[in-house]
Amino acid sequence: TGYYGDGLNAIIVFAACFLPDSSRTDYNYVMENLFLYVISTLELMVAEDYMIVYLNGATPRRRMPGLGWMKKCYQMIDRRLRKNLKSFIIVHPSWFIRTILAVTRPFISSKFSSKIQYVNTLAELHEMIPMEYVHIPDSIVKYDEEKCIKRRMRTSCISNDPEMTSVEQE
């Protein structure tokens, strides 16, 4: 969690890789209480505008929250919190997340849909928000580095420039 701008504009960081495994017998109970904790924290922290950064990278599918849970969260968030949300940034969006959001778009308000932004790398995130007060877990940083290395290797394989290929593989 951090702040940006002149006011008390909160940046809420939510790392999905730390969510409980859906195979837990008490999964619904844990997720319900997690949601209540998140909402009560938001209500205390958010005085003005805020943004949510959802770190999706390094998250196995079994730890991603289900569609039903996300819908319930959205419906239970008080109007003031929905109104003050300036952007919902999804870092390292998976195909699954993009598909779920595309399918649910008709059922979500257009105002909320317009707040959703996809960011593929931490470097892109850094260009969008001040990162000095935002803690990114080590597992996400490592995931980002590995993803960037793979992307550079793919680019160099496509490139016919031998110098580019040798630089990328070092």
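Below, each value reflects all heavy atoms present in this structure, side chains not excepted, and no hydrogens, waters or symmetry copies.
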For Y27 against S22, the heavy-atom pair lying closest together: CD1-CA, 3.4 Å
Going only through I, L, V, M, F, W and Y residues with side-chain contacts under 4.5 Å, is there a path from V141 to I129? yes
Ignoring hydrogens and angles, state whether a donor on the side chain of H92 or N120 is under 3.5 Å from an acceptor on the partner side chain. no
CG of L125 to CD of Q117, rounded to nearest 0.5 Å, is 10.0 Å
hydrophobic_cluster_shared for I140 and F18, side chain cutoff 4.5 Å: no
Show, in sequence, the C-alpha distance, side-chain angles and deciding distance for L55 and V53, and conclude whether the side-chain contact (heavy atoms from CB on, under 4.5 Å) test is met. CA-CA 6 Å; L55 302 171; V53 176; 3.9 Å; yes
Rounded to the nearest 0.5 Å, what's the gap from CD1 on I11 to OH on Y50? Could you check? 13.5 Å
Donor-acceptor contact present, side-chain T59 to main-chain G57, <3.5 Å: yes
Kindly indicate whether a cation-pi arrangement holds for R98 with Y118, taking the cut-offs as under 6.0 Å to the six-membered ring centre and within 45° of the axis. yes
Within the structure provided, determine whether I89 and M51 are in side-chain contact (heavy-atom separation under 4.5 Å). yes
More than 12 non-hydrogen atoms from neighbouring residues, nucleotides or ligands closer than 6.0 Å to CG on D138, yes or no? no
Shared hydrophobic cluster for Y143 and V91 (ILVMFWY, side-chain gaps under 4.5 Å): no
Heavy-atom closest pair (K111 atom, S114 atom, distance to 0.1 Å) is O-OG, 2.7 Å
What distance do F35 atom CZ and I77 atom CD1 have between them, rounded to the nearest 0.5 Å? 5.5 Å
Distance col, row M64:CE vs I97:CD1, nearest 0.5 angstrom, shows 5.5 Å
Counting heavy atoms not belonging to F112, are there more than 12 under 6.0 Å from its CZ? yes
Between K115 and R82 (side chain of the first, backbone of the second, donor and acceptor by atom type, cut-off under 3.5 Å), is there such a pair? yes
Should L81 and F88 be counted in the same cluster of Ile, Leu, Val, Met, Phe, Trp and Tyr side chains packed under 4.5 Å apart? yes
What heavy-atom pair brings S94 and N56 nearest, and what distance separates the two atoms? N-ND2, 3.3 Å
List the steps, then state whether side-chain contact (heavy atoms from CB on, under 4.5 Å) holds for C148 with T121. CA-CA 8 Å; C148 288; T121 66; 4.0 Å; yes
Could you check whether R61 makes a cation-pi contact with F96, meaning its NZ or CZ is under 6.0 Å from the centre of the six-membered ring and within 45° of the ring axis? yes
Measuring from R105:CZ to S110:OG, what's the distance to the nearest 0.5 Å? 10.0 Å
Donor-acceptor pair, side chain of D144 and main chain of L122, under 3.5 angstrom: yes
Between atom CG of L19 and atom CG of L34, what is the distance when rounded to the nearest 0.5 Å? 6.0 Å
When you look at E127 and V119, which way does the side-chain contact (heavy atoms from CB on, under 4.5 Å) test go after all the steps? CA-CA 10 Å; E127 291 173 12; V119 173; over 6 Å; no
Are L36 and Y29 grouped together when hydrophobic residues (ILVMFWY) are joined by side-chain heavy atoms under 4.5 angstrom apart? no
Minimal heavy-atom distance between V134 and P130, with the atoms involved, is CG2-O, 3.6 Å
Can you name the nearest heavy-atom pair linking P93 to I90, along with the distance? CD-O, 3.7 Å
Minimum heavy-atom distance between R80 and E43, given as atom pair plus value: NH2-O, 3.7 Å
Main-chain N/O of D21 paired with R62 side-chain donor or acceptor, under 3.5 Å: no
